[in-house]
Amino acid sequence: MNFHAIRQAYIDFFAKKGHAILPAASLIPENDPTTLFTSSGMQPLIPYLLGAPHPQGTRLVDSQKCFRSQDIEEVGDNRHTTFFEMLGNWSLGGYFKEEQIHWVFELVTGVLGLDPARLYVTCFRGNEDFGIPRDEVSAKLWQKIFADKHIDAPIIDFSERDGMGNGHIFYYDETKNWWSRSGVPSAMPEGEPGGPDTEMFWDFGVHFHNKWAEESPVALVRAGRKKQKCHVNCDCGRFMEIGNSVFMEYVKNKDGFEKLKQHNVDFGGGLERLAAAIEDCQDIFRIDIFAPLIKHIENLSGKQYGADQNESRSFRMILDHARAATFLIADGATPSNKDQGYFTRRLLRRAVFHAQKLGIASRCCGDLAELIIDSYGGVYPQLKERKESILEAMNQEEIKFGKALKLGLKELDNLENVGGIEKVSDGLLKTINRVDGVKAFFIHQSFGIPLEMIQERLSARGLLVDEAEFNNQVEAEKKKHQDISRAGAEKKFKGGLADHSDMSIKYHTATHLLHAALRKVLGESVEQRGSNITPERLRFDFSFSRKMTPEEIKATEDLVNGSIKRNYSVSWQIMTVDEAKNKKAIGLFEEKYGEKVKVYTVGDTEQVAKADFSAPTFSREFCGGPHVEFTGVIGHFKILKEEACSAGIRRIKAIAT
Ligand code: SER
């Protein structure tokens, strides 16, 4: 059964059991400003777990794409990915432990064909401090199910010291068998739902014990031990978690926990991990979905996946990062330097770095994206629909960064060992080989190469950058930027004027004429969104959803020039906000001005006197000034450029000669 067939089999199984099939939500959560990405299947369903009625009923099933940015550093081993699909089924106040445990067992053994003897499970030990009892119900259910398959499955209260013993079912504490978005019970904020869970593990075979740990001494050191007794939750590589049934029936309150209005089931199973178990291959990058991608990287690099540990690490990073970036861009996170797009950029840059490390001279992420879109396009049609823009965004980033990287790495290779001394502990010093942190920072800044890549490249020569020194530079640079933008803000305070030269003042009045003219030509929905004036030009941002036509630009210029020719007078009055609004003054900044505001009026002297505000470019706007007295001095007004500034905002640059 291949990857896509496993997904389908899972969905069909639960659909037959009365579950409504939900489409996957976007990787970029809607209406949830607390988090950048959808990182679990349950995330889009939180309101319903808390009790809101779901329009499709109480039984739901889906396969949800997830992105876990916090796992980016973990990618490179045999099991971690930043992007994955989580198979999910939910009971919203309906069935509970009995049905869920029977069904997932039937699914993984009966439908997906896993050998029950190689399946191990864990349950929640209970915690008196939180008043949550041991989940004996689940443990007993599992034991009975195993017994029905003639598998003796002792239940063991797990301890590191004793290891697994002859156990098949283990109790672990809340660090392993409790699920909430925020983690363990003590970390949960008030109002957050959570509950004990029961997890299934696949046993790849005892011969794998400590294999991964041997491959990666770092993993052992990080885990704080030299040797360990293997158990289902250890990271030696023998076991892999393939599914997690959360019995979400609690909500945190100010004193501890109380029961939710309804008891829920939230099952999450990593599709890639299930596929690895079904193919019985311990490396999830060996599952069928990655095969064409690996082939392509092998062809481009002349290297073989699996032949060398370090190279395999690079393969895995390229595979994961290219796939994650493809899905992220499809959901709107184009590479950029902020928000979600920052992660897309980081992924692509890391992929490019590792591609170059494997000796790939050409582009490769775009090619991989094409293969990914071909493979997943049937399940996620928006990948196909957005193919062109995905490939373009990827290629652009890859070309730009690829070039910078080549140059930057060359510079980096020229850096010399300046040596240094590091304090290990009191009275213990160690000499280190390091490069000048200021120079390394300069390379980082000029070529956009992240520190992690700089360190990795230097490590090949036994060198490093002193991170404290590097970070000092980053801080100094940040401060410089803050100072510049603070100075910018002070200038803006003068009504968007960089100075009070004659020309700037003329442009300021021209901006009012332009604002009024745009509303005449494009409609009253146009509103000022920003203004920046120098003695050389004006720049005006406004809300409008599309490009202006040449005719509209011309009509706007004509209106402004007409009002300049008529030599309108510019006058001001102080009035209350209400009065200003009654007189149809425009401007969005009333709240900053307090009760009384200054309002500038541009119009025919006679009309102004008659309070007739119907002239075509008549403008009345909240403003602090200063302005010219008569529009005739402005000169000939010309729009040089009309372009997009950000979503729904246009920008005009114009001059007066
Ligand atoms: N919410 C649980 C998880 O993410 C099960 O779906 O593991």
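No hydrogens, no waters, no symmetry mates; every other heavy atom, side chains included, goes into these values. Counting convention: from 1, in listed order, for ligands and their atoms alike. Each residue takes its place number in the sequence, starting with 1.
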### SB check Glu74 Arg68 (cutoff 4.0 Å)
no
### Task
Inspect the contact between Arg134 and Asp157 and indicate whether a charged nitrogen and a carboxylate oxygen are less than 4.0 angstrom apart.
yes
Taking the inter-plane angle between the rings of [X] and [Y] on a 0 to 90° scale, is it parallel (under 30°), tilted (30 to 60°) or perpendicular (over 60°)?
X      : Y      : answer
His19  : Trp103 : perpendicular
Phe170 : Tyr120 : parallel
Phe83  : Phe327 : parallel

Within ligand 1, which atoms have a heavy atom of [X] less than 4.0 Å away?
X      : answer
Ser40  : 4 (O)
Met86  : 3 (C), 4 (O), 6 (O), 7 (O)
Phe267 : 5 (C), 6 (O)
Met42  : 1 (N)

### Query
Looking only at distance, does Gly268 have an N or O less than 3.5 Å from an N or O of ligand 1?
yes
### Message
Looking only at distances, can you tell me whether any N or O atom of Asp266, backbone or side chain, sits closer than 3.5 Å to an N or O atom of ligand 1?
### Response
yes
### Query
Nearest protein heavy-atom contact for atom 4 (O) of ligand 1: which residue, which atom, what distance?
Trp179 CZ2, 3.2 Å
### Task
Give a yes/no on ligand 1: does Arg181 have at least one heavy atom closer than 4.0 angstrom to it?
no
### Option passing ring pair (Phe, Tyr, Trp, His ring centres under 6.0 Å) with Trp178 (candidates Phe257, Tyr172, Tyr171)
Phe257
